[in-house]
Amino acid sequence: MQELRRRHPDSQVRTRHLDWRHTRALAERRVDALVAYRPLSFPTDGFRVTKLREESRVLLTSASHHLANEKAVSVRVLSDEELVACVSTPAVWSTPKPVGGRPAPPPPAIDDSYEDKPELIATGHCVAIFPAGDRRAAAREDIAQVPVVDIDPCEVVLVTRADDPNPLLGSLEDVAHTVLGTTSRRENNELPVN
């Protein structure tokens, strides 16, 4: 957001990451804008949603999974996995299975939280399909990322309140298109503007 600060040196511009539990931050005016993946976890009535780019998806699986070293996979090869779409994220999880004589852990929770899922993936109990730009699992050596070739891409969007008179939001949209648009590979971050 350095570009936005450069354009508006007398304005206060802050950025922060919000997790899935803060879905009301924009409606409650705790932030002025969000950059997020669709589907959004809240109704969009009264909001302006601007598509910034499409992003491909990757299969997240344990490093020892039989698909971990593939250059790319088709959704068809995942037919034996019970994939479950999350309600408020573009992630898709498989139903956990028993591994190595250990019983299967419970399936991903309805709350769609991320924090407990990497361990299920790393231990081989489940797989997930994530946006390619969601780099949270990238630092783990026990999780492989494999491009998925025949699945709809995710959309990265900028969300603002439709009636917000904040003059910085027009500049934010320009900057977001430039920095986060189709030529950029940024992570999923939310950008409040104050």
Checklist entry - Run the side chain to side chain contact (heavy atoms under 4.5 Å, CB included) check on T50 and H177 step by step: do they pass? => result CA-CA 9 Å; T50 305; H177 274 290; 3.5 Å; yes

Looking only at heavy atoms, what is the nearest atom pair of [X] and [Y], with distance?
X	Y	result
P118	I143	O-CD1, 3.7 Å
R7	S171	NH1-O, 3.8 Å
L120	T123	O-OG1, 3.3 Å
L34	V31	CD2-CG2, 3.9 Å
V146	E70	CG1-O, 3.5 Å
V149	S74	CG2-CA, 4.2 Å

Checklist entry - More than 12 non-hydrogen atoms from neighbouring residues, nucleotides or ligands closer than 6.0 Å to CD on Q2, yes or no? => result no

Checklist entry - Should we say atom CG of N69 is surrounded by more than 12 heavy atoms from elsewhere, each under 6.0 Å from it? => result no

Any [X] side-chain heavy atom under 4.5 Å of [Y] side chain:
X	Y	result
L4	D174	no
R24	F42	no
L26	F47	yes
C154	E54	no
L67	V77	yes
V35	V157	no
L60	V127	no
R29	D164	yes

Item to check | Rounded distance (nearest 0.5 Å) linking atom CD1 of I129 with atom CZ of R57 | outcome: 7.5 Å

Checklist entry - In Å, rounded to the nearest 0.5 Å, how long is the span from CG of L172 to OG1 of T160? => result 8.0 Å

Salt-bridge test for [X] and [Y]: reply yes if a basic N is under 4.0 Å from a carboxylate O, no otherwise.
X	Y	result
R140	D142	yes
E173	R48	yes
R53	E55	yes

Next on the checklist: One pair to check against side chain to side chain contact (heavy atoms under 4.5 Å, CB included): T178 and E3. What are the steps and the verdict?
Outcome noted: CA-CA 10 Å; T178 301; E3 176 60 21; over 6 Å; no

Checklist entry - Looking at I121, V148, V75, which one forms a side chain to side chain contact (heavy atoms under 4.5 Å, CB included) with L59? => result V148

Checklist entry - Does the R5 side chain pair with the main chain of V13, one donor and one acceptor, at a distance under 3.5 Å? => result yes

Item to check | Contacts of type side-chain hydrogen bond (donor to acceptor under 3.5 Å, both in side chains), residue D152, not counting sequence neighbours | outcome: none

Next on the checklist: Using side chain to side chain contact (heavy atoms under 4.5 Å, CB included), reason through V49 and R38 one step at a time and then give a plain yes or no.
Outcome noted: CA-CA 10 Å; V49 180; R38 274 193 177 160; 2.8 Å; yes

